[in-house]
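Here the structure is a predicted model, which is why all the values come from computation and not from measurement. Numbers here simply count residues along the sequence, with the first being 1.
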Amino acid sequence: MKTLHFAITIDAPRAAVWKTMIAPETYRLWTAEFAEGSYFEGSWAEGERIRFLSPDGGGITSVIAESRLHELISIKHLGVIANGVEDTESEEVRAWAPSFETYRFADVGSSTEVQVEMDVVPEYDDYMAQTWPKALARLKALCEAGTVG
């Protein structure tokens, strides 16, 4: 597994970028780059469980490993969800779980830099390398248009 890094500067304050990134309505919009209709169930609070889902009900089960308001969110991915059933024990899952996805928010003048680090297995490397920049561009457009969830 390797860690991919992405960053984008958004002409909006950190609080607005944070809220746009994790509010249910706007989360669906920027994560559509990964899967149209993506959504989450759960809480972004530290220590809380969260599930990242596609319209077919499949997805990833996770826990928020760390959360510092308007500064950092670290997600610890624990397993997959298929047909509504969580799998955190299979050999396939243990090959990559736990893995982390971390968002950092920093002031750059009156703008916000969002940095993303994501642990990824080789078979998803190219997909994530191509998709994350598109998703971040969508997030930027939402934030700069004032579309806050």
Side-chain angles (χ1 to χ4, degrees), residues 1-82 84 86 88 93 96-149:
M1 189 156 24
K2 74 181 198 182
T3 303
L4 300 179
H5 301 267
F6 307 95
I8 195 164
T9 301
I10 300 172
D11 187 19
R14 273 193 293 167
V17 174
W18 173 283
K19 186 172 182 183
T20 303
M21 194 167 201
I22 68 170
E25 306 81 22
T26 45
Y27 176 88
R28 288 176 179 265
L29 299 174
W30 74 267
T31 60
E33 288 294 340
F34 296 101
E36 194 69 42
S38 295
Y39 65 103
F40 68 88
E41 292 176 346
S43 169
W44 292 92
E46 188 169 317
E48 295 293 322
R49 293 290 288 225
I50 191 165
R51 295 162 37 120
F52 300 97
L53 301 161
S54 62
D56 68 4
I60 298 175
T61 183
S62 308
V63 67
I64 302 300
E66 188 175 357
S67 180
R68 293 193 308 267
L69 186 63
H70 305 154
E71 289 181 27
L72 177 135
I73 301 171
S74 182
I75 307 160
K76 182 179 182 182
H77 297 302
L78 304 173
V80 297
I81 303 164
E86 291 188 12
T88 58
V93 168
W96 60 266
S99 65
F100 288 85
E101 182 174 338
T102 302
Y103 310 143
R104 288 182 172 80
F105 304 80
D107 292 331
V108 179
S110 61
S111 298
T112 302
E113 182 180 56
V114 177
Q115 297 176 3
V116 177
E117 292 178 3
M118 181 176 198
D119 295 336
V120 59
V121 290
E123 55 265 30
Y124 287 103
D125 186 1
D126 288 340
Y127 172 75
M128 290 299 176
Q130 292 173 19
T131 308
W132 260 110
K134 294 175 189 173
L136 289 173
R138 234 185 229 212
L139 176 65
K140 176 181 175 79
L142 290 167
C143 292
E144 292 179 356
T147 310
V148 179

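A salt bridge (Lys or Arg N to Asp or Glu O under 4.0 Å) with Arg104 is found for exactly one of Glu71, Glu117, Glu66, Glu113, namely Glu117.
Using a 4.5 Å heavy-atom cutoff, the side chains of Thr31 and Phe40 are not in contact. Using a 4.5 Å cut-off on side-chain heavy atoms (C-beta onward), Ile64 and Ile75 make contact.
Considering every non-hydrogen atom in both Met1 and Pro98, the closest pair reads CE-O, 4.3 Å. Heavy-atom minimum distance, Arg14 versus Ala106: CD-N, 3.9 Å. Shown here for Ala45 and Ser43, the closest heavy-atom pair between the two residues is N-OG, 3.0 Å. Of all heavy-atom pairs spanning Val93 and Gly79, the tightest one is CG1-CA, 3.7 Å. Of all heavy-atom pairs spanning Gly37 and Arg28, the tightest one is O-NH1, 3.9 Å. When all heavy atoms of Glu46 and Ser67 are compared, the pair lying nearest together is OE1-N, 3.0 Å.
A distance-only check finds no donor-acceptor pair linking the side chain of Arg49 to the backbone of Gly42 [under 3.5 Å]. The backbone N or O of Pro122 lies less than 3.5 Å from no partner atom in the side chain of Lys2, so there is not a single donor-acceptor pair. Under the 3.5 Å distance criterion, the side-chain polar atoms of Thr112 are matched with a main-chain donor or acceptor of Ala12. A donor-acceptor distance shorter than 3.5 angstrom exists from the side chain of Asp119 to the backbone of Phe100, with no hydrogens or angles considered.
Distance check, rounded to the nearest 0.5 Å: OG1 of Thr20 to NZ of Lys140 gives 13.0 Å. For the atom pair Arg138 CZ and Thr26 OG1, the distance stands at 12.5 Å (nearest 0.5 Å). Between atom CG of residue Leu78 and atom CZ of residue Arg51 there is a gap of 12.0 Å, rounded to the nearest 0.5 Å. Separating the CD atom in Glu36 from the CG atom in Leu29 is a distance of 9.0 Å, to the nearest 0.5 Å.
Residues passing the ring-ring contact (aromatic ring centres under 6.0 Å, His included) test with Phe105, sequence neighbours excluded: Trp18.
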Donor-acceptor list for residues 127-136 side chains, cut-off 3.5 Å, not counting sequence neighbours:
unit_1, atom_1, unit_2, atom_2, d
Tyr127, OH, Phe34, O, 2.6
Thr131, OG1, Tyr127, O, 2.7

**Request:** Take Leu139 and Ile8, measure what side chain to side chain contact (heavy atoms under 4.5 Å, CB included) needs, and give me the verdict at the end.
**Result:** CA-CA 9 Å; Leu139 176 65; Ile8 195 164; 5.7 Å; no
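The aromatic rings of Trp44 and Tyr103 lie tilted to each other, with the angle between the two planes from 30° to 60°.
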